[in-house]
Participant: 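Below you'll find the structure I mean.
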Amino acid sequence: MSYRFFVVIFLIIIGSGLGLYSVIHNGFYPVAFVNFHMISANNLDQNYNAAIRYFNNALLTYGSNPEILKESGSKTEIKRAALNKLIVDWLVFDETKKRLGKDLNQITEKIISQELTNPRLEEAVKEIYGLTLEDFKKQVLLAQAYREILEGRMFSEKQDFNKWLEDVTQEARVIILIPNFSWDGKQVIPQ
């Protein structure tokens, strides 16, 4: 074996290590799978942090003590709810995509553009959620638009959205990879 071979192997190991570090550091590893779709730690953390910031601001607005959020039970429940929301959002998106196909992007852009007309929206989103307008669009407005579209489509077809959601969550294959949470066949529950 030559010196070159060892250098190449060494560089591959170093490159793999740096790549793995980057993936973990930036949260691009899975925390859950929903019907083979990955939910990343980064996505969960962004939703969790936005929810914490929102609840903190709500508590301050209504004169309550925001220290309540520092209790481990509160944080666990908020993280559980954020993960559950991401799972439901994916199920809604998947069904909406199946029903609308290539028209989905055009319809969602139209709905979202109506929401973005307020000139103070960016400032409010930053203050309330701690998100940029682009992140707010991805995390909140898109999910809301998919849900509105699917509910409207199901209403026009005389289908019950809530019954469909109950059925699809029971049929979904959900694997949760983070500790302290599991899927009970309907929702994320703490362990």
Side-chain angles (χ1 to χ4, degrees), residues 23-96 112 115 121-151 154 160-191:
V23 164
I24 292 171
H25 180 71
N26 292 316
F28 295 124
Y29 58 92
V31 294
F33 286 97
V34 183
N35 296 338
F36 304 107
H37 168 76
M38 179 183 90
I39 295 176
S40 71
N42 184 37
N43 200 356
L44 177 59
D45 287 345
Q46 286 179 340
N47 278 271
Y48 170 75
N49 290 332
I52 289 285
R53 175 112 182 220
Y54 172 81
F55 286 125
N56 188 46
N57 286 333
L59 289 170
L60 287 171
T61 299
Y62 295 110
S64 295
N65 185 359
E67 295 297 315
I68 295 170
L69 292 178
K70 293 188 178 177
E71 296 174 13
S72 64
S74 297
K75 287 185 174 186
T76 301
E77 176 55 25
I78 292 171
K79 191 167 219 164
R80 184 209 63 79
L83 181 56
N84 198 72
K85 179 190 177 306
L86 289 171
I87 291 168
V88 170
D89 287 351
W90 169 253
L91 294 170
V92 168
F93 166 74
D94 192 43
E95 182 66 21
T96 307
I112 290 172
E115 297 290 331
L121 181 64
E122 185 170 4
E123 179 185 326
V125 164
K126 182 93 174 142
E127 185 67 30
I128 295 170
Y129 295 99
L131 297 172
T132 65
L133 191 57
E134 190 60 33
D135 287 340
F136 181 72
K137 178 181 170 185
K138 289 178 193 173
Q139 293 178 24
V140 178
L141 294 180
L142 266 175
Q144 182 180 326
Y146 295 142
R147 189 177 187 113
E148 286 177 14
I149 292 166
L150 185 58
E151 284 179 345
M154 291 180 123
D160 183 7
F161 175 81
N162 292 325
K163 175 71 173 129
W164 169 85
L165 189 57
E166 183 180 315
D167 292 344
V168 79
T169 54
Q170 289 177 358
E171 295 168 4
R173 282 185 250 144
V174 178
I175 300 169
I176 298 178
L177 303 173
I178 55 176
N180 304 325
F181 297 105
S182 63
W183 182 255
D184 73 351
K186 297 179 186 176
Q187 63 183 347
V188 176
I189 58 169
Q191 289 184 328

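As the structure is a prediction and not an experimental result, all values here were calculated from the model.
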Participant: If every non-hydrogen atom of Ala143 is compared with every non-hydrogen atom of Asp89, which pair is closest and at what distance?
Facilitator: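 Shortest heavy-atom contact: CB-OD2, 3.4 Å.
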Participant: When rounded to the nearest 0.5 angstrom, what distance separates OH in Tyr48 from CD1 in Ile78?
Facilitator: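 Spacing of OH (Tyr48) from CD1 (Ile78) equals 6.0 Å.
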Participant: Can you confirm whether more than 12 heavy atoms, excluding those of Glu122, are under 6.0 Å from its CD atom?
Facilitator: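 No.
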Participant: Quick check: does any side chain N or O of Asn180 sit under 3.5 Å from a backbone N or O of Gln191, one acting as donor and the other as acceptor?
Facilitator: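 Judged by distance alone, no pair lies under 3.5 Å.
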Participant: Do Val92 and Ile149 have side-chain heavy atoms sitting under 4.5 Å apart?
Facilitator: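 They are not in contact (no side-chain heavy atoms under 4.5 Å apart), so the answer is no.
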Participant: What's the spacing between Asp184 CG and Ile189 CD1 if we round to 0.5 Å?
Facilitator: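 Rounded to the nearest 0.5 Å, the CG-CD1 separation comes to 4.5 Å.
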Participant: Can you tell if the side chain of Arg147 reaches within under 4.5 Å of the side chain of Leu165, non-hydrogen atoms only?
Facilitator: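 Yes, their side chains come closer than 4.5 Å.
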Participant: Under the side chain to side chain contact (heavy atoms under 4.5 Å, CB included) test against Trp183, which residue among Ile87, Val34, Ile175 passes?
Facilitator: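 The residue from Ile87, Val34, Ile175 that satisfies side chain to side chain contact (heavy atoms under 4.5 Å, CB included) with Trp183 turns out to be Ile87.
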Participant: Distance from Glu151 atom CD to Asp160 atom CG, nearest 0.5 Å?
Facilitator: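 Nearest 0.5 Å value for the CD-CG distance: 10.0 Å.
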Participant: Are the side chain of Asn84 and the backbone of Val188 linked by a donor-acceptor contact shorter than 3.5 Å?
Facilitator: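 It does hold such a pair.
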Participant: What pair of heavy atoms forms the shortest contact from Ile52 to Lys75, and how long is it?
Facilitator: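 Result for this residue pair: CD1-CG, 4.5 Å.
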Participant: Which heavy atom of Phe181 sits nearest to which heavy atom of Pro190, and what is that distance?
Facilitator: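 The answer is CD2-CA, 4.2 Å.
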Participant: If every non-hydrogen atom of Phe28 is compared with every non-hydrogen atom of Met38, which pair is closest and at what distance?
Facilitator: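 Closest pair (atom of Phe28, atom of Met38, distance): O-CE, 4.0 Å.
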Participant: Could you grab the distance from atom NZ of Lys126 to atom CG of Leu121, nearest 0.5 Å is fine?
Facilitator: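 Going from the NZ atom of Lys126 to the CG atom of Leu121 covers 13.5 Å.
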Participant: Starting at CD of Gln139, measure out to NZ of Lys85 and round the result to the nearest 0.5 Å.
Facilitator: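 Spacing of CD (Gln139) from NZ (Lys85) equals 8.0 Å.
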Participant: How about Gln187 and Thr169: do any of their side-chain heavy atoms sit closer than 4.5 Å?
Facilitator: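 SC-SC contact between Gln187 and Thr169 ruled out.
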Participant: Any non-hydrogen side-chain atom of Glu166 less than 4.5 Å from a side-chain atom of Asn162?
Facilitator: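 No. Closest side-chain heavy atoms not under 4.5 Å.
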Participant: Please round to the nearest 0.5 Å and tell me the distance separating atom CZ of Phe93 and atom CG of Leu142.
Facilitator: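 It comes to 9.0 Å.
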Participant: Can you give me the closest heavy-atom contact between Leu44 and Leu83, atom names plus distance?
Facilitator: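 Where Leu44 meets Leu83 most closely, the heavy atoms are CD1-N, 3.7 Å.
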Participant: Would you say the side chain of Trp164 lies within less than 4.5 Å of the side chain of Leu150, judging by non-hydrogen atoms?
Facilitator: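 SC-SC contact between Leu150 and Trp164 confirmed.
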Participant: Please tabulate, one pair per line, all N/O donor-acceptor pairs under 3.5 Å involving side-chain atoms of residues 54-61, not counting sequence neighbours.
Facilitator:
residue, atom, partner, partner atom, Å
Asn57, ND2, Arg53, O, 3.3
Asn57, ND2, Glu127, O, 2.9
Asn57, ND2, Ile128, O, 3.0
Thr61, OG1, Asn57, O, 2.7

Participant: In terms of ring plane angle, is the pair Trp90 and His37 parallel, tilted or perpendicular, where the classes change at 30° and 60°?
Facilitator: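 Ring orientation, 0 to 90° scale: parallel.
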